[in-house]
Amino acid sequence: MTEEKSLNFLEEIVEGDLKAGKHASIVTRFPPEPNGYLHLGHAKSICLNFGLALKYGGYTNLRFDDTNPVTEEVEYVESIKNDVQWLGFRWQNELYASDYFDQLFGFAVALIKKGLAYVDDSSSEEIAEMKGTPTQVGRDSVYRSRSIEENLRLFMQMKEGKYKDGEKVLRAKIDMGHVNMLMRDPIIYRIKHAHHHRTGDAWCIYPMYDFAHGQSDAIEKVTHSICTLEFVPHRELYNWLIENLEIYPSRQYEFARLNMTYTLMSKRKLLQLVNEKHVNGWDDPRMPTLSAVRRRGYTPEAIRDFCDKIGVAKRDNLIDISLLEFCVREHLNKISNRRMVVFDPLKVTIVNYPEGKSELLSSENNTEAAEVTHRDVPFSRELYIERDDFMEVPPKKYFRLSPGQMVRLKSAFIIKCEEAVKDSHGNVVELHCSYIPESRSGSDTSGVQVKGVIHWVSKQHAIPVEVRLYDRLFKVEDLSAVEGDFRDYLNPDSLRVLPQAWAEPALKKASVGEHFQFLRMGYFCLDPDFNGDKLVFNRTVTLRDMWAKEVKKG
RNA sequence: UGCCCGAUGGUGUAACUGGCAACACGCUUGAUUUUGAUUCAAGAAAGUCCAGGUUCGAGCCCUGGUCGGGCAACCA
């Protein structure tokens, strides 16, 4: 390492703390709520939290923030664990805020005993009303002056299930006139007669985020509690509770969440897309969830590289999705075996190639690999090429096939288009071509130079496969700047299914988790739930395409 | 009318903590290429939100503005 990368502001803080002897080593945590699937925004947080601990010699806990039983499920817990591991990180401890319910309850009692918490009988609406507004101070609740004994008794009764949902809450007694709305006697416990995915029916009162998160951090002696910007105002309360509960002083630091062009990064809205069937589940390859991009063929290496490249700061950002695609291509280019698949077939007959004959040609799997290996590709008289690779009236600089023109069939021969056969409507249905026997790939003595190289498959050897082409889920770049309902901006062409494309036979052996580059078409992987004998391939990402740009320019 | 964050090429992140702005993506052009991919080379693109101030010197410090984001869920 010749040049050292400059530190981001969190690394600076950590290095500063370490240097100052504030901590001997650091502890971070990744704290998802199990109420949905993890997405690319979480990947940034995961890479940050685990990355910091890895870099500075500490560890990271996976802690589920499961304090709201009505939205949380074990299905989400499982998917989250799976995704974090897939990304390549290992947590020190698997923990749950619900593990601390007893301690948290104790903290609440301690607060009451200090005269710093009270039971409020006001309704949700009343509490909201008395809270004031950002520019207007709040008012004290009439229950604010209850005695410690009464608060203790009432809180105990809340726990015992004497009251219905919403009948009472426990609030911290801070300051209803505080400029920070969160300090205006925040609710710290509420009644929910709901079944919890871990604690079952043991509890009917549950702590709020602010009374669980920081406390959990403290219990775990988390040194650096890293969260997104929207929690900045919570920090004051976070610190107030640490001070008044006299617990381990974890410190909270905030960074700007990841936003990406053409991408929605809100769990709530993603859930809506799933529920309303705009997509086929959380792992629909068009989704930004980790399970979806995995299914689509993104690699953990590419995502980690991406998280590294986007950096960490405190200003709002909108990352161009092309950076992610760049990272994906960069990795896939190195690891993917090349295969030939014709999506939209045009039949080609090699008129001077013997009928009934076929031969095996050899083609590189991946010239980028350290050790280049080969596979056999069958060649015969009848082939399929891409319909796009022929034009009867070619534009300038088009160096594929057109009447009288020559191209190289990748790893095979140079062919010349002798005739375009048409149907009664004038549509080209077949090409008659001649091939140059001496132009065989690897032993070309023909001396003929061609600019174009196209992919192909042998008609009789090709296997039919389904190909799914994905495009961006939304039509607009910046979803946050859009008016009206986000669902109005869904891209109707985000999924294109080609039920029958023709693949070279080597693809029969494809397995889930393997990455391929379909020559000139993009990177693909086998979909995990293909059914029957037909293989289904997902397009991970296209190749860069200068020709498409050229065409666009006109 | 309040409080809290933030502001550097199109996008994102840097700038050895005060020494005349760098890297990546994207874009343009050229070379190589049996993938119009990859690779390689070159280039365009900000004078750092504005106005003052401190200083020999400011993107970095100070003051005042402007703009953007956030703050009133028994969500996290």
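The sequence lines fix the lettering, A, B, ..., with proteins before strands; numbering per chain opens at 1. Nothing here was measured: the structure is a model prediction, and the numbers come from that model. Just the heavy atoms: all of them, side chains too, but no hydrogens, waters or symmetry mates, feed the values below.
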Within the structure shown, what part of the strands sits under 4.0 Å from [X] by heavy-atom distance: base, sugar-phosphate, or nothing?
{"X": "A:Phe306", "result": "nothing"}
{"X": "A:Leu519", "result": "base"}
{"X": "A:Lys410", "result": "base"}
{"X": "A:Leu318", "result": "sugar-phosphate"}
{"X": "A:Gly452", "result": "nothing"}
{"X": "A:Val312", "result": "sugar-phosphate"}
{"X": "A:Glu12", "result": "base"}
{"X": "A:Tyr206", "result": "nothing"}

>> Judged by each residue's nearest nucleotide on RNA chain B, which is more toward the 5′ side, A:Lys309 or A:Asp66?
In response: A:Lys309

>> Taking the nucleotide of RNA chain B with the nearest heavy atom to each, does A:Arg329 or A:Tyr398 sit closer to the 5' end?
In response: A:Arg329

Tell me: [atom1] of [X] to [atom2] of [N], nearest whole Å?
{"X": "A:Phe326", "N": "B:U38", "atom1": "CZ", "atom2": "P", "result": "9 Å"}
{"X": "A:Phe399", "N": "B:U35", "atom1": "CZ", "atom2": "P", "result": "11 Å"}
{"X": "A:Phe390", "N": "B:G36", "atom1": "CZ", "atom2": "P", "result": "18 Å"}
{"X": "A:Arg408", "N": "B:U34", "atom1": "CZ", "atom2": "C1'", "result": "6 Å"}
{"X": "A:His455", "N": "B:G36", "atom1": "NE2", "atom2": "C1'", "result": "13 Å"}
{"X": "A:Asp478", "N": "B:G12", "atom1": "CG", "atom2": "C1'", "result": "14 Å"}
{"X": "A:His213", "N": "B:C75", "atom1": "NE2", "atom2": "C1'", "result": "14 Å"}
{"X": "A:Leu10", "N": "B:C5", "atom1": "CG", "atom2": "P", "result": "16 Å"}

>> Just verifying a value: how many Å separate A:His42 NE2 and A:Leu40 CG, rounded to the nearest 0.5 Å?
In response: 10.5 Å

[X] (side chain) donor-acceptor with [Y] (main chain) under 3.5 angstrom:
{"X": "A:Lys314", "Y": "A:Phe9", "answer": "no"}
{"X": "A:Asn365", "Y": "A:Asn337", "answer": "no"}
{"X": "A:Arg184", "Y": "A:His178", "answer": "yes"}
{"X": "A:Gln136", "Y": "A:Gly132", "answer": "no"}
{"X": "A:Thr199", "Y": "A:His196", "answer": "no"}
{"X": "A:Arg304", "Y": "A:Thr299", "answer": "no"}

Nearest-neighbour nucleotide for the [X] side chain, [options] considered:
{"X": "A:Asn317", "options": "B:C4, B:G12, B:A37", "result": "B:G12"}
{"X": "A:Thr67", "options": "B:A76, B:G36, B:U13", "result": "B:A76"}
{"X": "A:Thr135", "options": "B:U1, B:A76, B:U38", "result": "B:U1"}

> What do you reckon, are the aromatic ring centroids of A:Tyr37 and A:Tyr76 less than 6.0 Å apart?
Replying inline: yes

>> Tell me if the aromatic rings of A:Phe537 and A:Phe524 count as close, with their centers under 6.0 Å from one another.
In response: no

Distance-only donor-acceptor test, [X] side-chain atoms vs [N] base atoms, 3.5 Å:
{"X": "A:Gln517", "N": "B:U35", "answer": "yes"}
{"X": "A:His234", "N": "B:A76", "answer": "yes"}
{"X": "A:Arg520", "N": "B:U35", "answer": "no"}
{"X": "A:Ser411", "N": "B:U34", "answer": "no"}

>> Here's a test for you: under ring pair (Phe, Tyr, Trp, His ring centres under 6.0 Å), which of A:Tyr206, A:Tyr96, A:Tyr189 qualifies with A:Phe101?
In response: A:Tyr206

> For the ring pair (Phe, Tyr, Trp, His ring centres under 6.0 Å) test, which of A:Trp456, A:Phe343, A:Tyr384, A:Phe518 pairs with A:Trp502?
Replying inline: A:Tyr384

>> Just to be sure I follow the notation: if a pair is Watson-Crick (purine N1 to pyrimidine N3 plus N6-O4 or O6-N4) or a G-U wobble (N1-O2 and O6-N3), each under 3.5 Å, what dot-bracket string does RNA chain B give, with | for pairs to another strand?
In response: .((((((..((((.....[..)))).(((((.......))))).....(((((..]....))))))))))).....

Can you find a side chain N or O atom of [X] that sits less than 4.0 Å from OP1 or OP2 on [N]?
{"X": "A:Ser6", "N": "B:U13", "value": "no"}
{"X": "A:Lys549", "N": "B:C27", "value": "yes"}
{"X": "A:Arg315", "N": "B:G68", "value": "no"}
{"X": "A:Arg338", "N": "B:U34", "value": "no"}
{"X": "A:Arg544", "N": "B:U38", "value": "yes"}

> Within 45° of the six-membered ring axis of A:Tyr262 and under 6.0 Å from that ring's centre, is NZ or CZ of A:Arg472 located there?
Replying inline: yes

Rounded to whole angstrom, note down the [atom1] distance from [N] over to [M].
{"N": "B:G59", "M": "B:A73", "atom1": "P", "result": "43 Å"}
{"N": "B:U48", "M": "B:C67", "atom1": "C1'", "result": "16 Å"}
{"N": "B:U11", "M": "B:C50", "atom1": "P", "result": "15 Å"}
{"N": "B:A45", "M": "B:A31", "atom1": "P", "result": "23 Å"}
{"N": "B:A58", "M": "B:C49", "atom1": "P", "result": "15 Å"}
{"N": "B:A46", "M": "B:G9", "atom1": "P", "result": "10 Å"}
{"N": "B:A15", "M": "B:A37", "atom1": "C1'", "result": "35 Å"}
{"N": "B:C4", "M": "B:G10", "atom1": "P", "result": "31 Å"}

> Does B:G6 adopt a syn or an anti glycosidic conformation, taking syn as a chi angle within 90° of 0?
Replying inline: anti

> For B:U13, is chi within 90° of 0 (syn) or not (anti)?
Replying inline: anti

> Mind checking whether A:Phe155 and A:Phe105 have parallel, tilted or perpendicular rings, split at 30° and 60°?
Replying inline: parallel

Show each protein N/O and nucleotides 71-74 of chain B N/O combination with a separation under 3.5 Å, one pair to a line.
residue	atom	partner	partner atom	Å
B:C74	OP1	A:Ser124	OG	3.3
B:C74	N4	A:Ser122	O	3.3
B:C74	N4	A:Ser124	N	3.3
B:C74	N4	A:Gly166	O	2.8

>> Can you tell me if A:Trp547 is stacked onto the base of B:G36, using a 5.5 Å centroid cut-off and an angle below 30°?
In response: yes

>> Before you tell me yes or no, could you show the steps for A:His213 and A:Tyr209 under ring-ring contact (aromatic ring centres under 6.0 Å, His included), namely the whole-Å CA-CA distance, both residues' side-chain angles and the distance that decides it to 0.1 Å?
In response: CA-CA 6 Å; A:His213 199 101; A:Tyr209 166 83; 5.0 Å; yes

